[in-house]
Asks: 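Before I ask anything, let me first share the structure, which is written out below as structure tokens.
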Amino acid sequence: MRSTESNVTQSITQVIAASSLGTLIEWYDFYIFGSLAVIIGQQLFPSDAGASALINTLAIFAAGFIVRPFGALVFGRLGDLIGRKYTFLLTLVLMGGSTFLIGLIPSYSSIGYAAPVLVLILRLVQGLALGGEYGGAATYVAEHAPVGRRGFFTSWIQTTATLGLFLSLGVIVLTKNILGAKNFADWGWRIPFLVSILLVVVSIYIRMKMHESPVFSKLKAEGKVSTNPLKESFQKKANFKMVLVALFGATMGQGVVWYTGQFYAQSFLENTCKLDFNESRYILLWAIVFATPFFVIFGSWSDKVGRKWIMLAGMLLGVICYRPIYQYFLDATNVKEMQKTMLLGQSEPVVERGLVPGKADSLITTTVTKTLTNGMTFKESKVEVITEDVLAEVAAVETVIKDVTLSQSSYIVIILLVFFQVVLVTMVYGPIAAFLVELFPTQIRYTSMSLPYHIGNGVFGGLVPFIATLIASFQGSTPLSGLWYPIGIAALSFIIGAVYIDNRRDDNVMD
């Protein structure tokens with residue numbers, strides 16, 4: 001008996017390792033774009049585009065999420081027809097190739113608007129590939145997992161999304177520190193995209209050695225493979241009802257909690273609170289390191305108490321806590337008010353002169369670095385536009401605050417608050433794979449679980465940074481206005497899930 005259990009454990013461990021490595025690399029490929037949105041926007045659009053460059057770049061980022069459901073349909077159908085292994089081997093090749101090519105595309109200054117168009121096309125390919133990846137990996141692991149431990153084993157797949165973000169942030173910060181801020185902004189941002197091809201080659205080699213899922217192999221040998229997975233998934237009333245329950249009662253809320261905690265938090269700290277580039281990423285890195293084990297903790301716990309209330313509790317806590325958390329972010333970084341009573345000193349001014357892009361007017365930027373009594377520092381730049389005429393009048397003056405570094409106490413508190421948000425991510429995301437696998441029969445599992453997952457995450461969740469930033473940019477909006485989107489979606493999903501989701505654990509899902 002012990003020998004049999006050991007062989008099963010060893011087998012599932014190998015399956016998880018092979019599946020997780022490929023999935024981690026795909027998430028890494030997908031995340032580096034979002035993590036570098038500000039710099040990429042400066043490369044893809046005119047230098048005078050201003051805030052619209054970031055919004056347009058986030059829109060391109062969001063486009064990759066929007067097409068994920070279509071990838072779920074295309075690759076889900078392939079997975080249910082030809083098998084799990086070769087389908088998510090194909091998705092890995094598409095994802096890796098697209099990421100590598102993004103690193104080679106010339107900037108706007110070289111090829112004009114062809115640059116963002118080409119990046120958009122590659123982002124769409126990435127989104128399609130990712131739409132087929134997750135369902136394949138989760139299904140593959142679940143169909144190898146022993147009864148009663150499905151939540152535990154599939155939760156290891158869930159960690160790859162966060163670890164992929166961790167890896168992308170780590171590579172970005174390391175590259176920037178080695179090259180320096182200027183070189184990184186000019187050309188070094190391409191390196192994280194290019195080096196990913198090495199990781200993809202290793203993952204392809206490992207996945208080639210994997211065997212097909214035993215459950216699917218048995219189904220195929222018995223001639224019971226679905227001839228039309230799409231029709232069976234969405235035209236049969238019982239299956240389609242489960243798709244809707246999975247989407248609106250679980251993955252929709254899970255998606256907005258995930259992207260608020262792991263993407264919007266960083267975007268808010270960097271773009272709204274004006275935190276230093278490295279500072280915002282170190283905060284997220286520390287939060288991810290400490291929170292990642294909770295994926296497995298909540299996944300394993302869901303085997304004992306069920307999936308439903310763990311996921312719904314994560315959504316409800318997000319609804320309650322997001323606004324006070326982000327209000328603290330604003331208060332802790334409001335250096336404009338703090339300097340009125342806490343200014344300790346400032347550096348000598350650094351003056352830079354140039355021309356307004358596309359005009360003959362002069363641009364004078366005077367920057368000083370200020371230090372507060374609590375240890376915080378920030379750069380304050382006074383930007384003056386001098387008209388090019390006889391009078392040489394000052395046409396506009398703007399004061400810009402950037403590169404804020406926190407006091408030690410605020411730094412620790414913000415890490416804890418981001419950590420708390422990532423823990424909410426682990427609550428909603430840790431059990432979700434087992435929950436989705438247990439809803440659908442083997443013949444249509446890949447297709448049926450992939451679609452609600454990728455609509456919930458790709459559309460509702462993936463649009464969080466873009467929609468929240470857009471709402472906050474409207475005239476009359478406050479910096480916290482964008483939070484109403486994830487709060488509203490999570491609240492709606494909580495209500496639907498509480499009413500319609502069954503907390504049972506189906507031990508016979510592999511029939």
Side-chain angles (χ1 to χ4, degrees), residues 36-43 45-54 109 172-173 175-189 266-283 329-411 414 473 479:
L36 293 172
V38 174
I39 292 176
I40 292 174
Q42 296 167 354
Q43 296 288 328
F45 296 97
S47 57
D48 59 349
S52 65
L54 175 60
S109 61
I172 288 168
V173 170
T175 306
K176 182 174 182 289
N177 289 344
I178 292 174
L179 298 179
K182 187 178 185 305
N183 288 333
F184 184 78
D186 288 343
W187 56 269
W189 63 272
Q266 178 195 308
S267 176
F268 189 88
L269 288 171
E270 183 178 358
N271 299 312
T272 303
C273 300
K274 305 302 180 184
L275 232 57
D276 174 71
F277 181 94
N278 282 352
E279 190 101 331
S280 64
R281 283 155 180 79
Y282 285 140
I283 287 171
F329 290 169
L330 287 176
D331 294 341
T333 55
N334 190 1
V335 293
K336 188 176 291 187
E337 287 298 317
M338 291 181 191
Q339 68 174 317
K340 293 178 181 178
T341 57
M342 300 174 61
L343 184 61
L344 180 63
Q346 66 181 49
S347 66
E348 289 295 321
V350 176
V351 180
E352 296 180 357
R353 300 177 184 272
L355 295 175
V356 177
K359 298 181 180 179
D361 297 341
S362 299
L363 190 67
I364 301 175
T365 304
T366 305
T367 303
V368 295
T369 300
K370 296 186 175 182
T371 304
L372 303 182
T373 54
N374 64 359
M376 293 181 68
T377 66
F378 63 95
K379 291 181 180 178
E380 188 175 83
S381 298
K382 181 181 178 183
V383 183
E384 298 177 278
V385 178
I386 313 296
T387 57
E388 190 66 22
D389 56 25
V390 177
L391 298 178
E393 296 178 341
V394 177
V397 179
E398 181 184 10
T399 300
V400 178
I401 291 176
K402 60 180 181 179
D403 295 342
V404 176
T405 62
L406 297 162
S407 66
Q408 186 174 6
S409 59
S410 295
Y411 185 70
I414 289 181
S473 70

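Numbering starts at 1 and runs along the sequence shown. Since the structure is predicted, the reported quantities are computational estimates derived from the model, not experimental observations.
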Asks: Can you tell me how far OG1 of Thr333 sits from CG of Leu269, rounded to the nearest 0.5 angstrom?
Replies: 7.5 Å
Asks: So Phe184 and Ile178, do their side chains get closer than 4.5 Å, heavy atoms only?
Replies: no
Asks: How long is the gap from OG1 on Thr405 to OH on Tyr411, to the nearest 0.5 Å?
Replies: 10.5 Å
Asks: Would you compute the distance between atom CG of Leu179 and atom CH2 of Trp189 and round it to the nearest 0.5 angstrom?
Replies: 13.5 Å
Asks: Taking side chain as C-beta onward, heavy atoms only, is Leu275 less than 4.5 Å from Tyr282?
Replies: no
Asks: Return the CZ to CD distance between Phe378 and Gln346, rounded to the nearest 0.5 Å.
Replies: 8.5 Å
Asks: My understanding is that only residues two or more places apart in sequence, or in another chain, count here; which of them pass side-chain hydrogen bond (donor to acceptor under 3.5 Å, both in side chains) with Asp276?
Replies: none
Asks: Within a radius of less than 6.0 Å around NZ of Lys176, do more than 12 heavy atoms belonging to other residues, nucleotides or ligands occur?
Replies: yes
Asks: Compare every heavy atom of Thr272 with every heavy atom of Pro479, then report the nearest pair and how far apart it is.
Replies: CB-CG2, 3.8 Å
Asks: Ignoring hydrogens, what is the shortest heavy-atom contact between Ile401 and Lys274? Give both atom names and the distance.
Replies: O-CG, 3.4 Å
Asks: Please give me the minimum heavy-atom distance between Ser381 and Thr367, naming the atom from each residue.
Replies: OG-OG1, 2.8 Å
Asks: When rounded to the nearest 0.5 angstrom, what is the spacing between CG in Asn278 and CG in Asn177?
Replies: 4.5 Å
Asks: What closest approach, in Å, do Thr366 and Pro349 show between heavy atoms, and which atom pair accounts for it?
Replies: CG2-CB, 3.8 Å
Asks: Mind listing the side-chain donor-acceptor pairs of residues 336-345 below 3.5 Å, one per line with the distance, residues two or more places apart or on another chain?
Replies:
unit_1: Glu337; atom_1: OE1; unit_2: Lys340; atom_2: NZ; d: 3.3
unit_1: Glu337; atom_1: OE2; unit_2: Lys340; atom_2: NZ; d: 3.0
unit_1: Gln339; atom_1: OE1; unit_2: Lys370; atom_2: NZ; d: 2.8
unit_1: Gln339; atom_1: NE2; unit_2: Glu380; atom_2: OE2; d: 3.2

Asks: Heavy atoms only: give me the nearest Ile39-Ala185 pair and the separation to one decimal.
Replies: CG2-O, 4.0 Å
Asks: Might you point out which heavy atoms bring Met376 and Leu406 nearest each other, and give the distance in Å?
Replies: CG-C, 3.8 Å
Asks: Would you please name every residue forming a ring pair (Phe, Tyr, Trp, His ring centres under 6.0 Å) with Phe329, sequence neighbours left out?
Replies: Tyr326
Asks: Measure the CD1-CD distance between Ile283 and Glu270 for me, rounded to the nearest 0.5 Å.
Replies: 11.0 Å
